[in-house]
S.K.: 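So that we are looking at the same thing, I have put the structure below in structure tokens.
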Amino acid sequence: MTTPTDTTCTIKPADDNRPKHERIRTGLSKHALQKAFNDNLFYIQGRFREVATRNDLYMAAAFTVRDRLLERWLKSARTFKEHNSRTVAYLSAEFLIGPQLANNMLNLGITDTARAAGDELNLDFDELIETEEEPGLGNGGLGRLAACFMDSLATLQIPTIGYGIRYEFGIFDQMIVDGWQVEKGDTWLRNGNPWEIPRPKIVFPVGFGGRVEQYRDDHGEMRRRWVPDLVVNGVAYDTPIMGYGVGNVNLLRLWKSEAPESFDFQAFNVGNYYGAVHAKIEAETISKVLYPNDEPGVGKELRLKQQFFFVSCSLQDMIRLQLGIAGSLDQFHEKFAIQLNDTHPSLAIAELMRLLMDEYRMPWEQAWHITQQSCHFTNHTLLPEALETWPIDLFERLLPRHLEIIYGINQRFLDEVRIHFFADETRVRCMSLIDEDGGRRLRMAHLAAVGSCAINGVAELHSNLLKTTVMRDFNDLWPERFHNITNGVTPRRFMVVANPRLTRLITKTIGHDRWIRELETLRALEDYADDAALQEVWRDIKTANKRDLSNWLGQQTGCLADPESLFDVQAKRIHEYKRQHLNILHIISLYQRLKNDPHADITPRTFIFGGKAAPGYFLAKLMIKLINAVGEVINHDPQVNGHLRVLFMPDFSVKNGQRLYPAADLSEQISLAGKEASGTGNMKFSMNGALTIGTLDGANVEIREEVGADNFFLFGMTAEEVQQRQAAGYDPRALYNGDIEIKSIIDLIHSGLFSHGDTELFQPLTDNLIYHDPFMVLADFRAYVDCQKTVDQAFRNPASWNRMAILNVARIGKFSSDRAIKEYCERIWNIAPAPIPL
Ligand code: F58
């Protein structure tokens with residue numbers, strides 16, 4: 001695999017006028033880095049070089065880099081405090097930050113120096129980077145978006161604290177055994193995490209359960225207070241997040257749950273040893289494991305506890321900070337812009353109200369004003385099954401005071417609804433924070449919408465659908481609250497770190513590296529799209545990247561791929577709505593064509609899949625099995641394996657994604673229109689010069705608008721057509737019976753060809769397609785296969801293919817997360833940069 005080699009980044013190290021001994025500790029020269037590395041190896045890892053393990057060397061390198069971040073971080077914190085800058089508090093149950101070493105070196109501007117320093121010390125730099133295990137503290141797009149935003153917030157010099165949970169076990173590691181996904185516990189902390197700093201003094205109590213009491217305070221006023229029956233502590237663990245080429249370092253503060261000490265002692269003293277241990281375990285369980293589902297499904301008590309736990313710690317921390325600066329909470333909303341990353345942190349609304357009213361004695365109206373002016377809500381999905389709700393009885397048992405507050409919010413809100421819609425009780429029922437149909441449940445999206453001053457979707461199409469479908473009533477009531485901010489991704493990680501060859505070529509071609517922070521300047525590449533020499537080098541780079549990927553995949557799967565073939569990649573969570581099965585049906589159609597006619601005119605292709613299925617999602621796991629089963633047959637069939645290969649990359653992660661994006665020719669973005677809120681993988685592929693085959697869904701729509709319809713392979717129904725077809729009564733059976741190719745492919749799966757004669761193995765999938773097909777795979781099949789034929793033809797003309805790829809990169813600037821964050825700053829948070837020079 002390629003890891004960053006000398007990038008063309010030209011950030012200048014800071015002038016350093018400090019005494020020499022200080023410079024050595026955190027200096028940026030080759031000598032200072034070497035000295036610091038040796039010191040860290042000896043004094044922190046406690047190792048002589050001769051006996052140091054790979055991990056010792058990695059840790060010493062990481063500490064060397066971290067020291068340099070810390071210095072800048074303290075300076076940033078001091079400056080923000082002095083200027084009392086407005087601060088973004090990005091609340092997210094997931095942060096999928098990926099490996100840190102290479103990125104931090106890039107941002108510090110020391111990649112080349114560090115490599116040179118390492119060479120002289122006989123260190124294998126790429127091996128060090130490869131050794132790092134990433135914190136998998138997220139499921140997919142939502143968690144990764146939070147991480148891209150943290151990168152851009154620091155780069156744009158916006159004071160920010162990211163607040164989340166320090167899961168001891170992140171997303172499971174995926175192994176493929178006999179074609180099936182097997183989950184393995186993720187023990188990312190076992191070798192130590194050099195990037196985090198525990199803050200045992202930053203600790204807050206978080207209550208659960210118990211009762212609510214009425215009492216008279218010292219001023220004779222009646223008040224309510226919550227008396228929980230369980231209290232756990234949240235301890236802060238901080239990870240510095242450095243901006244690219246700036247002195248700003250922001251904070252990612254993740255909470256770990258612990259039992260308060262007093263708790264164990266109490267029980268211990270009365271002889272209840274097991275009780276004490278049990279309480280400790282119960283407390284620690286809260287931050288133990290990330291839920292590996294990509295939709296919430298049935299209410300899980302622990303998940304609700306996790307959400308409340310991190311939200312409460314984060315708000316108490318913000319309150320502590322604000323009281324430290326201003327001495328009062330009256331201006332809390334001017335200090336903090338809280339962004340709720342989906343509904344998972346939406347309890348912040350009730351908890352902030354409780355803290356302000358019950359703990360700081362604020363009247364309801366003032367507390368509500370502060371809460372609503374502080375909070376902003378991003379929605380990431382329209383799938384009805386993914387909209388979070390909690391059973392009221394569970395909620396009441398865990399958070400009785402919060403339920404009271406939510407009832408109070410709901411009452412005032414529904415009064416407003418009644419007046420605005422003039423006694424329209426249907427609206428009242430639909431908009432209420434409580435769903436009264438079939439078991440009372442709390443609707444978290446409604447709570448988030450009512451308690452926030454801005455609500456946004458993550459791509460144009462998604463934001464429009466949000467306004468016309470799931471949040472239509474809210475949009476009718478408060479149209480001014482609704483915004484669209486199309487997602488973006490960081491070019492630092494997904495271009496510069498992941499694809500150093502392309503990075504060098506771009507910088508050389510357009511003559512500067514400013515594009516790394518101003519991605520729109522890539523437009524300059526347009527002038528060279530027709531340049532035959534550039535097209536050729538472009539192709540060589542792609543081939544080299546494909547060779548690296550092929551070698552790595554060869555080691556992992558035992559199966560090699562021909563770098564001259566078309567690399568057709570679909571990498572994302574495995575889900576029916578993302579339609580990996582549509583891709584498989586196409587592969588089988590090619591296989592059939594080749595079997596029926598060995599001379600069929602088919603462009604050699606390597607199909608690569610990557611992605612995890614939620615452990616309890618039976619059909620998604622069966623799709624993984626089917627991909628591997630089809631691969632097993634095709635890859636071993638000498639009649640076709642010169643033409644087709646099917647590979648499944650195990651354990652798709654941020655790190656593995658960085659291997660895939662640079663090596664893809666074709667990016668599969670084939671969800672059913674209207675289902676994928678945005679997608680961000682689509683942007684990462686396109687940035688690396690892959691062409692997209694896709695539907696008009698999520699951000700695909702805007703990517704196509706930007707790169708040009710001629711440079712994008714479009715197929716399939718529009719979201720509107722999908723709705724119409726569904727309304728008219730969609731019958732997949734008619735398609736199965738009416739299209740010989742569809743029938744023959746499904747029958748082939750059913751025949752047992754891919755399952756050693758077992759005709760039942762894949763029946764749940766085939767039956768689902770024939771009788772239900774909820775994501776209309778069969779309806780889009782014909783258009784997809786035809787479009788793939790166009791792709792086949794296009795790939796045979798390297799000059800024009802590379803021209804299209806160059807134009808994709810040249811026009812991808814909009815999809816930098818820097819652009820997205822600038823829009824949040826201007827339209828949602830009203831926040832300005834607080835620059836700290838490097
Ligand atoms: C994703 N959501 C969207 N949810 O599916 C994707 O279109 C979008 O680009 C991305 O957010 C960023 O906006 C997503 O990843 C989750 O993983 C949740 C995890 C927790 C349970 C609910 C889903």
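In this text the structure is predicted, and so the values were computed from the model without any measurement. In listed order, ligands and their atoms are each counted from 1.
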S.K.: So, for S152 and D818, which heavy atoms are closest and what is the spacing to 0.1 Å?
M.R.: OG-OD1, 2.6 Å
S.K.: Within the structure, is a non-hydrogen atom of G679 found at a distance of less than 4.0 Å from ligand 1?
M.R.: yes
S.K.: Output yes when the distance from some N or O of ligand 1 to some N or O of L142 is under 3.5 Å, and no in every other case.
M.R.: yes
S.K.: So, D773 versus Y730: side-chain donor-acceptor pair below 3.5 Å or not?
M.R.: yes
S.K.: Do ligand 1 and N293 have nitrogen or oxygen atoms that lie under 3.5 Å from each other?
M.R.: no
S.K.: I'd like to know if T381 contacts ligand 1, where contact means a heavy-atom distance under 4.0 Å to any ligand atom.
M.R.: no
S.K.: Using a 3.5 Å cut-off on N or O atoms only, is V458 in polar contact with ligand 1?
M.R.: no
S.K.: Looking at N139, which atoms of ligand 1 are within less than 4.0 Å of one of its heavy atoms?
M.R.: 17 (O), 19 (C)
S.K.: Go through ligand 1 atom by atom and flag the ones less than 4.0 Å from a non-hydrogen atom of Y577.
M.R.: 5 (O)
S.K.: Within ligand 1, which atoms have a heavy atom of A677 less than 4.0 Å away?
M.R.: 7 (O)
S.K.: With a cutoff of 4.0 Å, is E94 in contact with ligand 1, counting heavy atoms of the residue only?
M.R.: yes
S.K.: Could you check whether any heavy atom of F149 sits closer than 4.0 Å to an atom of ligand 1, since that is the contact criterion I want to use?
M.R.: no
S.K.: Using distance alone, with no hydrogens and no angle criterion, decide if N682 and N700 have a side-chain donor and acceptor under 3.5 Å apart.
M.R.: yes
S.K.: Are side-chain N/O atoms of E676 and Q669 paired as donor and acceptor at under 3.5 Å?
M.R.: no
S.K.: Does a side chain donor of either W255 or S287 reach within less than 3.5 Å of an acceptor in the other side chain?
M.R.: no
S.K.: Is a side-chain donor-acceptor pair under 3.5 Å present for R659 with N656?
M.R.: yes
S.K.: Between D435 and H446, do the side chains contain a donor N or O and an acceptor N or O under 3.5 Å apart?
M.R.: no
S.K.: Quick check on ring-ring contact (aromatic ring centres under 6.0 Å, His included): which of W390, F208, F308 does H402 satisfy it with?
M.R.: F308
S.K.: Within the structure, does R303 bring an N/O atom to less than 3.5 angstrom of an N/O atom in ligand 1?
M.R.: no
S.K.: Calculate, to the nearest 0.5 Å, the distance between atoms CG and CD1 belonging to L156 and I831 respectively.
M.R.: 11.5 Å
S.K.: Backbone or side chain, does any N or O of H344 fall under 3.5 Å from an N or O of ligand 1?
M.R.: no
S.K.: Just distances here: any N/O of E676 and N/O of ligand 1 closer than 3.5 Å?
M.R.: yes
